[in-house]
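Remember, predicted model here, so these are calculated numbers, not experimental data. One-based numbering, in listed order, for ligands and for the atoms of each.
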Amino acid sequence: GELVQQMHDDLYDGLKDEIEEGVNILLERGWTPYRLLTEALVAGMKVVGDDFRDGILFVPEVLLAANAMKSGMNILRPLLAETGAPKMGTMVIGTVKGDIHDIGKNLVSMMMEGAGFDVVDLGINNAAEAYIEALEREDAQILGMSALLTTTMPYMKVVIDQLKANGTRDNYVVLVGGAPLNEEFGRAIGADAYCRDAAVAVETAKTLVA
Ligand code: B1M
């Protein structure tokens, strides 16, 4: 309703305090964290993305919006993790080399934790070696990679090819995601699945790890 529209506007304007307030109000009204994430925050970010693309918003404004979004997500993180779901396995996740977008990846991390996976989040700008070292160290079953730029998404194939060269590709379920990707790209680079959003990532991980 009205508050959700207000939150889209506040996100657009990068108003962190207002976003936190809106999240708390919707939680008090009984909204689930997931509904709040998708309808109030992710949908609001879509508007920011469209105006960024069209040259109406610029990097400084988009950074403010991203920070407001993150402060809202920080309130929801513990609530999503609190579900008491049985332990499902370990996922190493990170944004690929050359790419600093992390909101989508953070969302996937939160939802995977909520579904009972242990998540090792490597942050942004990860080289193949960083993923591979973490997969081995954490004895992980799942590799998740995120890319938001058409120029960085090919790096996912570099990571998968490196795993193949090491002879360890088949030890892992490799999931990829990010706005510029699609199913065909996922197949072409040798991933196990392309995940359209965080909910799909959770469902896919559950199916493929079981
Ligand atoms: Co950037 N940026 N940006 N940006 N930015 C995009 C991606 C862009 C599409 C904007 C546009 O033109 N419309 C465009 C890319 C164009 C292209 O490649 N074809 C773009 C550009 C060009 C750039 C710069 C080059 C701009 C510049 O400097 N001139 C620069 C690059 C920096 C770099 O990485 N080297 C840049 C910088 C930035 C900011 C720093 C300002 C900021 C990032 C802040 C941050 O992340 N901390 C930013 C933002 C915020 C965006 C947009 C507006 C929003 C991205 C976002 O957070 N969306 C974005 C526009 C867009 O995507 N339409 C844009 C919300 C998030 C929840 O969605 O990340 O798609 P998303 O994640 C989804 C799914 O994709 C999926 O699940 C998530 C939720 O359900 N998913 C996964 C994502 N990762 C997954 C991993 C998985 C599974 C699912 O693993 C298993």
Check whether any side-chain heavy atom of [X] lies under 4.5 Å from a side-chain heavy atom of [Y], and answer yes or no.
X: Q141; Y: L208; value: no
X: I160; Y: R169; value: yes
X: I75; Y: L27; value: yes
X: L11; Y: V47; value: no

Can you figure out which of [options] has its heavy atom closest to [atom]?
atom: atom 69 (O) of ligand 1; options: S109, A199, G44, G104; value: G104
atom: atom 67 (C) of ligand 1; options: V62, D51, L107, V174; value: L107
atom: atom 83 (C) of ligand 1; options: A205, G178, A179, P180; value: G178
atom: atom 76 (C) of ligand 1; options: R53, M153, R196; value: R196
atom: atom 46 (O) of ligand 1; options: L148, V200, D102; value: D102

May I ask you to list the atoms of ligand 1 that are less than 4.0 angstrom from any heavy atom of [X]?
X: D99; answer: 34 (O)
X: L175; answer: 90 (O), 91 (C)
X: D197; answer: 76 (C), 77 (O), 80 (O)

Record the part of [X] in heavy-atom contact with ligand 1 below 4.0 Å; permitted values are side chain, backbone, both and neither.
X: H101; value: both
X: K70; value: side chain
X: A66; value: side chain

For [atom], what is the closest protein heavy atom, and at what distance to 0.1 Å?
atom: atom 65 (C) of ligand 1; answer: M45 CG, 3.7 Å
atom: atom 32 (C) of ligand 1; answer: I100 CG1, 3.7 Å
atom: atom 61 (C) of ligand 1; answer: G49 CA, 4.5 Å
atom: atom 80 (O) of ligand 1; answer: A198 N, 3.0 Å
atom: atom 15 (C) of ligand 1; answer: L149 CD2, 3.5 Å
atom: atom 90 (O) of ligand 1; answer: M145 O, 3.6 Å
atom: atom 84 (N) of ligand 1; answer: S146 OG, 2.8 Å
atom: atom 29 (N) of ligand 1; answer: V59 CG2, 4.3 Å

Same cluster or not: are [X] and [Y] linked, directly or through other Ile, Leu, Val, Met, Phe, Trp or Tyr residues, by side-chain heavy atoms under 4.5 angstrom apart?
X: Y34; Y: L26; result: yes
X: I25; Y: L76; result: yes
X: M88; Y: V209; result: yes
X: V48; Y: I56; result: yes
X: I103; Y: V200; result: no

Might you point out which heavy atoms bring G14 and A68 nearest each other, and give the distance in Å?
C-CB, 4.0 Å
Please check if a non-hydrogen protein atom sits closer than 4.0 Å to [atom].
atom: atom 8 (C) of ligand 1; result: no
atom: atom 52 (C) of ligand 1; result: no
atom: atom 17 (C) of ligand 1; result: yes
atom: atom 87 (C) of ligand 1; result: yes

Donor-acceptor pair, distance only, cut-off 3.5 Å: does the side chain of T32 make one with the backbone of R35?
yes
Distance only, no hydrogens: is a donor on one side chain within 3.5 Å (strictly under) of an acceptor on the other, for D51 and Y12?
yes
Between the side chains of N24 and E20, is a donor N or O closer than 3.5 angstrom to an acceptor N or O?
no
Decide whether an N or O pair under 3.5 Å exists between T150 and ligand 1.
yes
Gap separating the CG atom of L3 from the CZ atom of R29, nearest 0.5 angstrom
5.0 Å
